[in-house]
Amino acid sequence: MSEEATYSTGEIRTIALAVIAGVFFGGVATGVAFPTLPLLDEKLVISAVMLSIILSANRIGRLFMNTPAGTIIDQYGARTPMIFGLFTQALAPFGYVVGLHTPPTHLGTLPLLGDVSLPGLVFVLARLFWGIGSAFVFIGAFATITYVTTADNRGRWVGYMRGGQSLGFPTGLVLGGLLTDLASMQTAFLTAGVLALVAGTVATLVLPDVHGGADEGRAAKLREVPVLLAANPTVVLIGYGNFAVRFLWGGIILSTLARYASDYGLELSALGAAGISGIVMGLGVITSGSMTIVTGWISDMVSDRTLLTVPAFLAMGAGFLVIAYVPTIEALLGAIVLVGAGMGAAAPALLAIMGDLTPGDELGRMGGVYQVMGDVGLSLGPLVAIPAVDLWFGYQLTYVLCAALVFSCLTIVSLPLLRNPEVSRAGVKAD
């Protein structure tokens, strides 16, 4: 398991705040793009499918870069790769600006993709850069926080990190929408790029060089993830929990909530389905981010962090059942609080457990595997969400199945971890 760090409280706070600033501003810059990118299909002379590829290109890039990034961090330390990731992320918003000013040259029409243009390709490349950079940022952040903390304080700082990551995205959504309406898309993109550059600069000044030195022969590639999982069964359990949470929140909920509100005729004052969806998602994200911070702190006080995952999964499951059986605006608001609170409680506990159990020279690789499983959930969720509610099951059965997936985490994740003596905080301290 990870070595106990020798950093003072002040040093941990300084390093952690730099890491949190990196993931927060990275989330802000990601969020800034979302109110504007879906509006660009006509301006960029591209098809709707090509626009979808632009929106998903960052996840595709990160999915393939997670395990190589983890290997590099294990071999060379987290400082340089994380700084590289932050500045690489910063290239993306400036790439958007380049795309806005690229001549709308039509390159052709391709099967499935439809119309493809030169500015469309510029945006795809920019989003890929973002995905590549974000792989180094998240894994580097996890490795750095884990290495400089101990089993006594790791949970709270992991919680702060995940809280910063969770709250950055909705902050960016609001900022991007306001800047686009009050100024222009270009202003929104430039602001995102400047914020990302600020995060990279702060990290350059503060981050230490920690935990390098893994054997160069232990490189990992995406196709080797199953082998890594087979050799580390505890990571399989934790990764399954991350997959389920990301699949349900970033996939099913995000993709179906507006349609659910529209089809059931939910209204709130003068707001329609889109407005209700935005408010509900914002409430869920704020609840999740706040609970992440609180849960991380609490996890340092309990004998076994796994105990926190039980009420977390129960809350998420209950929330999905409420959405399934009580299609009213009041019930939806209450349900999304349950789902957000459950997600916010489970994530930092699972990540801190993995940090407790992972050797210092494997933090990058295991962090990469954890992120791969989450990205698989994020990528798979939107693909099945709309067919599930429109073609296969309908809303009620779809959300019931979502609840069943959450409850499965109790037997697949929580119960085995509770039975594992290495997971208890007492076991960690004894080592």
Side-chain angles (χ1 to χ4, degrees), residues 22-23 25-66 68-69 84-102 104-105 107 110 112-139 165 168-169 172-173 175-177 179-180 185-197 199-200 222 246 250-251 254-255 371-372 374-383:
V23 297
F25 284 122
V28 170
T30 302
V32 165
F34 265 81
T36 52
L37 289 180
L39 307 175
L40 289 172
D41 50 341
E42 293 185 5
K43 184 177 180 63
L44 301 182
V45 195
I46 57 175
S47 66
V49 174
M50 189 67 183
L51 179 62
S52 298
I53 291 176
I54 290 174
L55 291 172
S56 61
N58 63 321
R59 291 178 179 178
I60 296 171
R62 187 173 63 195
L63 179 62
F64 285 93
M65 184 53 64
N66 280 323
F84 165 81
L86 288 167
F87 282 112
T88 301
Q89 281 188 162
L91 293 176
F94 295 110
Y96 303 158
V97 175
V98 172
L100 289 177
H101 294 281
T102 300
T105 305
L107 300 179
L110 299 177
L112 300 179
L113 292 182
D115 292 330
V116 179
S117 69
L118 183 58
L121 289 181
V122 172
F123 269 85
V124 169
L125 290 174
R127 297 287 285 171
L128 285 173
F129 267 104
W130 187 272
I132 291 169
S134 66
F136 285 97
V137 170
F138 176 83
I139 301 169
Q165 186 180 33
F169 182 73
L173 289 176
L175 183 63
L179 288 174
T180 300
M185 286 185 184
Q186 178 169 300
T187 301
F189 293 152
L190 288 174
T191 301
V194 170
L195 289 174
L197 288 175
L222 184 61
R246 297 292 183 180
L254 275 180
S255 301
Q371 186 73 352
V372 163
D375 282 342
V376 169
L378 283 172
S379 302
L380 184 61
L383 294 177

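Position 1 is the first residue of the sequence; numbering continues from there. All figures in this text were calculated on a predicted structure; none of them were measured in a lab.
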### Task
Side-chain contact test, heavy atoms from C-beta onward, threshold under 4.5 Å: evaluate it for Asn58 versus Phe129 and give yes or no.
no
### Task
State the CG-CE distance between Leu179 and Met185, to the nearest 0.5 angstrom.
12.5 Å
### Message
Ignoring hydrogens, what is the shortest heavy-atom contact between Gln89 and Gly133? Give both atom names and the distance.
### Response
CG-C, 3.8 Å
### Message
I'd like to check Met65 versus Phe136 (side-chain heavy atoms, cut-off strictly below 4.5 Å). Are they in contact?
### Response
yes
### Side-chain donor or acceptor of Arg246 paired with backbone N/O of Leu378 under 3.5 Å
no
### Task
Mind checking the CD1-CG spacing from Ile54 to Leu125? Nearest 0.5 Å is all I need.
10.0 Å
### Test item: Tyr96 and Arg127 side chains (from C-beta on) under 4.5 Å apart, heavy atoms
yes
### Query
In Å and rounded to the nearest 0.5 Å, what is the CD1 to CG distance from Ile139 to Asn66?
4.5 Å
### Nearest-0.5 Å distance, CG of residue Leu128 to CZ of residue Arg59
14.0 Å
### Query
If you look at every heavy atom in Gly22 and Ala199, which pair is closest and at what distance?
CA-CB, 3.8 Å
### Query
Which pair of heavy atoms, one from Pro119 and one from Gly99, lies closest together, and at what distance?
CB-O, 3.4 Å
### Task
Kindly determine whether Phe94 and Leu190 satisfy side chain to side chain contact (heavy atoms under 4.5 Å, CB included), including the steps that lead there.
CA-CA 6 Å; Phe94 295 110; Leu190 288 174; 3.8 Å; yes
### Separation between CG of Leu380 and CG of Asp375, rounded to the nearest 0.5 Å
12.0 Å
### Summary
The reported gap from CZ in Phe189 to OG1 in Thr191 (rounded to nearest 0.5 angstrom) is 10.5 Å
### Message
According to side-chain contact (heavy atoms from CB on, under 4.5 Å), who are the partners of Ala196, at least two apart in sequence or on a separate chain?
### Response
Ala90
### Query
Which pair of non-hydrogen atoms, one from Trp130 and one from Ala92, has the smallest distance, and what is that distance?
CE3-CB, 3.4 Å
### Stepwise side chain to side chain contact (heavy atoms under 4.5 Å, CB included) test for Phe123 and Leu100
CA-CA 9 Å; Phe123 269 85; Leu100 289 177; 4.3 Å; yes
